[in-house]
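Shown next, in structure tokens, is the structure this report addresses.
Letters A, B, ... mirror the listed sequences (proteins, then strands); counts begin at 1.
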Amino acid sequence: MYRHLERRLAQRVLGCLQERSPGVTLPPVVIEQPPKVELGDFAIPLFPFAKPLRSAPLKIAEMIRSEIGPIEGIAELQVAPPGYLNIKIDRAWMAAALATDQKPPADVAAGKILVEHSSINPNKAAHIGHLRNAILGDTFVRLLRYASRIVDIQNYIDNTGVQVADVVVGFTQLEKKSRAEIEALTRQPRFDYYCWDLYARVSQWYEADKQNKQVRLQTLHAIEDAGSETAAIAELISIAVLRRHLETMDRLDIEYDFLPRESEILHLHFWNAAFGKLKESGVLTFEESGRNKGCWVMRRAGTGKADPATDGTDDEKIEEEDQKVIVRSNGTVGYVGKDIAYHMWKFGLLGLDFGYLKFYRYPNQHDCWISTTDGEKGHPHFGDVAEIYNVIDARQSEAQNTVIEALRGLGHGEAADHYTHFSYEMVALTPRCAAELGYMLSEEDKTRSYIEVSGRKGFGVKADDLLDQLIASAKKEVDSRHPQLSEAERLGIATQIAIGALRYFMLKYTKQSVIAFDFKEALSFEGETGPYAQYAVVRAASIFRKAGVDADTFCDTLTVNSSPDSLATYLSGDVGNEFWELWLAASKTSYVIDQCIATTEPAYLAKHVFQLAQLFNTFYHRHPILTEPDEKRKQFLLATVAVVRRELIHALAGMGITVPPVM
RNA sequence: GGGCCCGUAGCUCAAAAGGACAGAGCAUCGGAUUUCUAAUCCGAGGGUUGCAGGUUCGAUUCCUGCCGGGCCUACCA
């Protein structure tokens, strides 16, 4: 409703200005929020219009105020120096709409969206860096679905790369394990932890003797040969670790629809199909000489060709340092090439498809599919989507942009325009946290603000460990607060709190900020945290429980209990301003979610949730409800609580956070 | 060398398309009628937004230069 009103206002103001000065090109109408509610709910700065309209901002504001006429939902317009038009919403009108949860129809863009996230190498346990990726991706999916978009969730699995090869080397060379022995190990509860340590040992083994790296190369090649024993072992390991990753993510309510694997991109010859088109379109050029002699290369994204007016048909030579090798001189293709083919598939531009097999069934009966060479019939249709979002950390932005440029070079500008690299910064550790983990710090490291995690060194915080710690910590608190509840109930509540804390923690930072992970902050349940917001909802629910009223249906009867007139009464004056601030904040959830989608920044929603919870807590503290003697006023206060509770639950759900019955 | 990102309170971070006095949390200190559970609330201190210019009616935000930090820049994935 809030965003609806904002849009309506912007249109009317623009219309008013255009009518007054036909033919003049005007800057866009920017709508902001005044610094205080007393000033109004929207603010329009008129400074940008002074020049084109050849009039003082204050005069323009005055003109709009007197000429614009009535607007549904807007109560009052005020001119404020030095050149603002402040607009007040018709509070009772808005509150009535909000109380009854009226949603004006929104225009939903057509076309399916594909969100790819997680993409953890299936050779070791998931760590906190992977958690940030998965939580960002999963949250973005929830936001898109909130906005009525249809979304497929994919998790790309690199099961044939060096990382898997390294663990294969560990099992076969360092531990001399047979396939049967490895198979037995995969049935261990946390097989991914075993691999975590082994991976670190293999890395050390490579360091110890450079000759050892030859083994890696041989293993890597053997894995790509589908029929080999090594490939079978790699499959065994990667599938087992992948299952562990799905289990870990499921603990956080993160699910996937489809797991495309690199092995199928290889075996189904996706690259061959793409290669022909890339050569034909001139995206790839063959190097006859120089450092990259014998390779097929393309221009790296962001280099040269500053002037796109040259029409793409550039036969000019690409400088050597601007070349990205796509096909090596030995004829093998690098990962960017495979990625180009894969992304052509995503947009339905390749002419090939995966085979599909049911792989994993979630407790809620949802099936997750995996790629295979020839799969089962009756599978859902994946790929061939209108828009994609790839949740991949910022280090890969150049590679991502190169894939986008390849699509553009192939003539698929539409696809390239709907390809979004959802880029975010890594999770690192504070020096203190690194020390706690037993990592020896150099003097230089101690002065850094953060230290990068390293799977290769086995240095980092595992996702399951962190979850276990969060649950244990929350459990302790729940145990002491609610000893009368059963063990299972207490554990359930502790788990919800732990997930709330973790998901909020990963979402409260903006994407471009490196998270310096610290146990103290991550384990905090106070202040700007998930549990703070959960607690606000628990308090709201508690009021309704004690009042013997159902919070979900309470507002349905509101029009009977509380007329617009009485809403207007309670929402005016000094105390009314305080109530209105809360109602206004509650009305913004959809608006904020729109902003999050448009900017691919879920942190705004985290901020909104916190502000709403904070306003509610203040309100809760100041206005006793159950003891309120004035029945009409009590109804109004209850309505306020019901609306805030509903919006907080929706907003938290967008972040994948649920609310326990008690805390 | 080239490209991208960052520098804001003691610490960790906000400030959405350039707008009204730069805001939160943590930490510190001082408080809250034994109440709808205090995982809460109220208050206090704390800032030349890295530095220097420029554009603008207006700059934390845009431009240029410097200083400091990070990442990318492999015939690895």
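- In this structure, K511(A) places its NZ atom 12 Å from P of rC5(B), rounding to the nearest Å.
- When the P atom is compared between rC6(B) and rU61(B), the two are found 12 Å apart, to the nearest whole Å.
- Among the heavy atoms of the strands lying under 4.0 Å from E262(A) are primed sugar atoms or P, OP1, OP2 only; no base atom is included.
- Residue G334(A) is in sugar-phosphate contact alone, with no base atom involved, counting any heavy-atom pair closer than 4.0 Å across all strands shown.
- Between the P atoms of rA59(B) and rC21(B), the separation comes to 12 Å (whole Å).
- Per the geometry, CD1 belonging to I515(A) stands 16 Å off C1' belonging to rC26(B), to the nearest Å.
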Distances under 3.5 Å only, N/O to N/O: pair up the protein atoms with those of nucleotides 21-23 of chain B.
{"from": "rC21(B)", "atom 1": "N4", "to": "K36(A)", "atom 2": "NZ", "distance (Å)": "3.4"}

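- Between rG50(B) and rG68(B), the two C1' atoms lie 8 Å apart (nearest whole Å).
- Straight-line distance from the OH atom of Y504(A) to the C1' atom of rU12(B): 13 Å, rounded to whole Å.
- The separation between D339(A) atom CG and rA77(B) atom C1' is 10 Å, rounded to whole Å.
- For the pair I625(A) CD1 and rU37(B) P, the interatomic distance rounds to 11 Å; values are reported in whole Å.
- Of the listed nucleotides (rU40(B), rC36(B), rC26(B)), rU40(B) has the atom at the smallest distance from the side chain of Y535(A).
- Residue F610(A) contributes atom CZ, which lies 12 Å from atom C1' of rU40(B) at whole-angstrom precision.
- Distances from the side chain of Q512(A) to the nucleotides rC36(B), rC5(B), rC41(B) place rC5(B) closest.
- A heavy atom lying under 4.0 Å from RNA chain B marks none of the residues of residues 423-434 of chain A.
- Taking only side-chain atoms of P34(A), from C-beta outward, the nucleotide of rC6(B), rA20(B), rC75(B) with the closest atom is rA20(B).
- The residue V514(A) sits close only to the backbone: its heavy atoms come under 4.0 Å of sugar-phosphate atoms, none of a base.
- Straight-line distance from the CD atom of E526(A) to the P atom of rA38(B): 13 Å, rounded to whole Å.
- Within the 4.0 angstrom heavy-atom criterion, no nucleotide atom of any strand lies near H608(A).
- Applying the Watson-Crick and G-U wobble criteria (two distances, each under 3.5 Å), rC4(B) pairs with rG70(B).
- Of the candidates K475(A), R481(A), K476(A), K475(A) is the only one forming a side-chain hydrogen bond (donor to acceptor under 3.5 Å, both in side chains) with D479(A).
- In this structure the side chain of L637(A) reaches within 4.5 angstrom of the side chain of F619(A), judged on heavy atoms.
- Listed candidates were rA16(B), rA38(B), rA39(B). Nearest to the side chain of Q595(A) is rA16(B).
- Across all strands shown, rC29(B) pairs with rG43(B); the Watson-Crick or G-U wobble distances both stay below 3.5 Å.
- Side chains of D158(A) and Y335(A): no donor on one and acceptor on the other come within 3.5 Å.
- The 12-atom threshold is exceeded at CG of D630(A), counting heavy atoms of other residues, nucleotides or ligands nearer than 6.0 Å.
- The nearest pair of heavy atoms linking L638(A) to F544(A) is O-CZ, 3.3 Å.
- Figure legend. rU64(B) is base-paired to rA52(B); pairs are counted as Watson-Crick or G-U wobble with both atom distances under 3.5 Å.
- The closest side-chain donor-acceptor pair between E287(A) and N292(A), if any, does not fall under 3.5 angstrom.
- In the set rA77(B), rG25(B), rA20(B), rA20(B) carries the atom at the smallest distance from any side-chain atom of A80(A).
- For the pair R299(A) and E405(A), the salt-bridge criterion is not met [side-chain N within less than 4.0 Å of a carboxylate O].
- The aromatic rings of Y620(A) and F616(A) sit tilted relative to each other, their planes meeting at an angle between 30° and 60°.
- Atom C1' of nucleotide rA77(B) and atom OH of Y199(A) are separated by 10 Å, given to the nearest angstrom.
- Distance from the side chain of C295(A) is smallest to rC75(B) among rC75(B), rC41(B), rA15(B).
- Residue I497(A) is in base contact, counting any heavy-atom pair closer than 4.0 Å across all strands shown.
- At a threshold of 4.0 angstrom between heavy atoms, the contacts of H623(A) include nucleobase atoms, whether or not backbone atoms are also involved.
- Using N1 to N3 plus N6-O4 or O6-N4 for Watson-Crick, or N1-O2 and O6-N3 for G-U wobble, each under 3.5 Å, rA24(B) pairs with rU12(B).
- At a threshold of 4.0 angstrom between heavy atoms, the contacts of Y532(A) are confined to the sugar-phosphate backbone, with no base atom among them.
- With 3.5 Å as the limit, one finds a donor-acceptor pair spanning the side chains of E631(A) and Q635(A).
- Using P as the reference atom, rC26(B) and rC62(B) are 30 Å apart when rounded to the nearest Å.
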